[in-house]
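Inspection log for the structure reproduced underneath, given as structure tokens.
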Amino acid sequence: MKKLLVLLLAVCMVFAFAACGGGSNEPTPADPEETFTLTIGTTVQDDSATGRALLEVFKPYIEEHSNGRIEVIVQNNSVLGSDREIYEALQLNTVQASQGPLSTLANFAPDFAVCDLPFLFTSKEEAYENLDGEFGDALAATLPQYGMRIIAYGENAFRNISNNQHPVKTADDLKGLDIRVMESPVNIATYKAMGTNPTPMAFSELYGALQNGTVDGQDNGIVLTYTNKLYEVQPYYTFTHHLYAANAVVMSEEFWQSLPEDLQQVITEASFEAMKFQRDLNTQLEDELVATMEAAGVTFDTLPDEEIAKLVEATKDVWDLVEVDENIMEMAKAIRDARG
């Protein structure tokens with residue numbers, strides 16, 4: 001009887017072992033029939049470079065290359081809230097993706113504050129090379145612990161300076177100008193260092209303040225300066241390239257980890273394709289709108305490299321105002337200082 005019990009016990013153990021996969025650590029294969037819904041939210045308009053990139057590239061690429069396993073819902077026009085609110089939704093996986101500004105990510109992951117520093121990049125080529133390279137990888141590596149993941153970098157614009165007083169052709173021409181700035185200590189310090197009188201105010205108040213002389217100028221990119229009609233009260237626009245405003249396709253980490261590897265790859269490819277489209281379209285729009293504003297009477301100037309170098313030197317102390325990972329700060333300083 002004892003031998004029979006032992007034999008039965010051994011047989012049961014064999015079946016239990018087999019049911020557990022024989023001790024294998026291999027993951028269960030993905031269900032090829034499982035489907036997903038990816039809602040991506042932004043604060044931009046459908047006809048903006050970002051809006052079009054998501055509607056014309058990101059969504060169709062994913063739906064086609066996933067063979068319908070991922071449905072993409074694009075929600076532009078702030079339908080899902082502000083950039084910060086959308087990022088908070090990513091952390092909860094109530095929204096699966098966003099295409100939003102890096103500066104806002106600093107509210108969640110402090111290392112992204114490095115992106116607000118003046119003259120980190122002074123050309124688009126420099127920005128693309130570094131964000132798509134080791135520097136961008138180092139920044140992105142800090143985000144998953146906050147419930148989000150960067151898939152691909154895009155762009156908003158370079159901030160430049162326009163005013164209604166006189167052309168700005170040298171660094172000294174900035175001195176004394178009253179410039180509206182974002183309500184940020186780093187931005188205020190940057191403009192003080194460049195010799196202007198920074199005036200923090202909400203963007204919604206800007207046009208009226210320029211019109212009535214409360215401030216002399218502002219620092220938005222070409223597209224925003226045109227679409228918000230700021231050029232109507234800003235006859236002088238100078239390419240200073242003092243701040244590159246980057247953005248990115250950002251995913252919910254929880255959603256990302258729920259996907260099989262083949263679908264992660266599809267989303268990665270779609271994100272890079274969409275951001276290339278966005279960057280190219282943004283540059284095209286900028287070129288077209290410069291011509292449009294010139295025809296309306298706006299004078300455009302570009303600060304020479306030697307004048308940019310003066311502003312870079314003048315704003316170096318501003319870099320001490322942000323506290324980020326030492327390695328990331330060293331990489332940022334190396335990018336800045338490589339220009340000589």
Side-chain angles (χ1 to χ4, degrees), residues 101-103 106 112-124 126-127 130 155-203 205-206 209-210 213-222 224-225 230-231 233-246 286 290 298-324 329 332-340:
L102 299 189
S103 57
F112 283 89
V114 74
C115 299
D116 285 333
L117 290 173
F119 299 105
L120 173 58
F121 308 119
T122 58
S123 71
K124 289 192 175 192
E126 187 179 52
N130 286 284
E155 75 175 10
N156 180 358
F158 264 111
R159 287 185 174 272
N160 299 297
I161 296 174
S162 66
N163 80 97
N164 55 24
Q165 296 298 306
H166 54 73
V168 173
K169 298 177 180 291
T170 69
D172 286 342
D173 291 335
L174 290 171
K175 292 181 178 177
L177 288 175
D178 296 321
I179 304 291
R180 176 269 175 182
V181 300
M182 293 185 294
E183 299 172 87
S184 152
V186 172
N187 279 270
I188 293 169
T190 295
Y191 275 91
K192 283 183 177 177
M194 292 196 295
T196 72
N197 302 316
T199 304
M201 70 171 61
F203 182 75
E205 302 171 14
L206 178 54
L210 293 169
T214 301
V215 292
D216 301 319
Q218 57 95 38
D219 75 337
N220 282 291
I222 289 292
L224 200 60
T225 297
L230 301 178
Y231 71 96
V233 286
Q234 294 284 272
Y236 307 109
Y237 191 102
T238 303
F239 292 103
T240 52
H241 288 179
H242 61 281
L243 178 62
Y244 180 76
E286 287 173 347
V290 165
V298 178
T299 299
F300 288 87
D301 290 294
T302 299
L303 279 189
D305 290 344
E306 59 270 22
E307 298 300 320
I308 293 289
K310 293 177 184 177
L311 294 178
V312 171
E313 185 63 32
T315 57
K316 275 190 174 181
D317 288 346
V318 176
W319 285 51
D320 296 330
L321 297 179
V322 303
E323 296 183 7
V324 300
M329 179 58 79
K333 287 181 177 178
I335 294 168
R336 178 196 65 188
D337 296 341
R339 294 188 292 265

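For the numbers below, each heavy atom of this structure counts, side chains included, while hydrogens, waters and symmetry mates do not. All figures in this text were calculated on a predicted structure; none of them were measured in a lab.
The two atoms that bring I179 and I161 nearest to each other are CD1-CG2, 4.1 Å, heavy atoms only. Annotation for P185 and L321: closest pair O-CD1, 4.5 Å, computed over non-hydrogen atoms.
The aromatic rings of Y244 and F121 stand perpendicular to each other, their planes meeting at an angle above 60°, with 30° marking the opposite boundary.
Donor-acceptor pairing under 3.5 Å is lacking for the side chains of Y236 and Q165. A donor-acceptor pair shorter than 3.5 Å cannot be found between the side chains of N187 and T190.
Counting only distance, with no hydrogens or angles, the side chain of D301 and the backbone of K169 share no donor-acceptor pair below 3.5 Å. Between the D173 side chain and the T170 main chain, a donor and an acceptor come within less than 3.5 Å of each other. Side chain of W319 to main chain of P118: a donor-acceptor pair is present (N/O by atom type, distance under 3.5 Å, no hydrogens or angles). Formation of a donor-acceptor pair under 3.5 Å by the R180 side chain with backbone atoms of M201 is found in this model. Judged by distance alone, with hydrogens and angles left aside, the side-chain atoms of H242 form a donor-acceptor pair with the main-chain N or O of R159 at under 3.5 Å.
The residues R336 and E126 are annotated as not salt-bridged, no charged nitrogen and carboxylate oxygen being separated by less than 4.0 angstrom. A salt bridge is defined here as a Lys NZ or Arg NE, NH1 or NH2 lying under 4.0 Å from an Asp or Glu carboxylate O, and K310 with E307 meets this definition.
Between Q234 and T225, every side-chain heavy-atom pair lies at or beyond the 4.5 Å cut-off. Using a 4.5 Å heavy-atom cutoff, the side chains of L177 and V168 are in contact.
The only member of T199, D219, N197, T315 that meets side-chain hydrogen bond (donor to acceptor under 3.5 Å, both in side chains) when paired with Y191 is D219.
Taking the ring centroids of Y237 and F239, they lie under the 6.0 Å cut-off.
Heavy atoms of other residues, nucleotides or ligands lying less than 6.0 angstrom from NZ of K192 number 12 at most.
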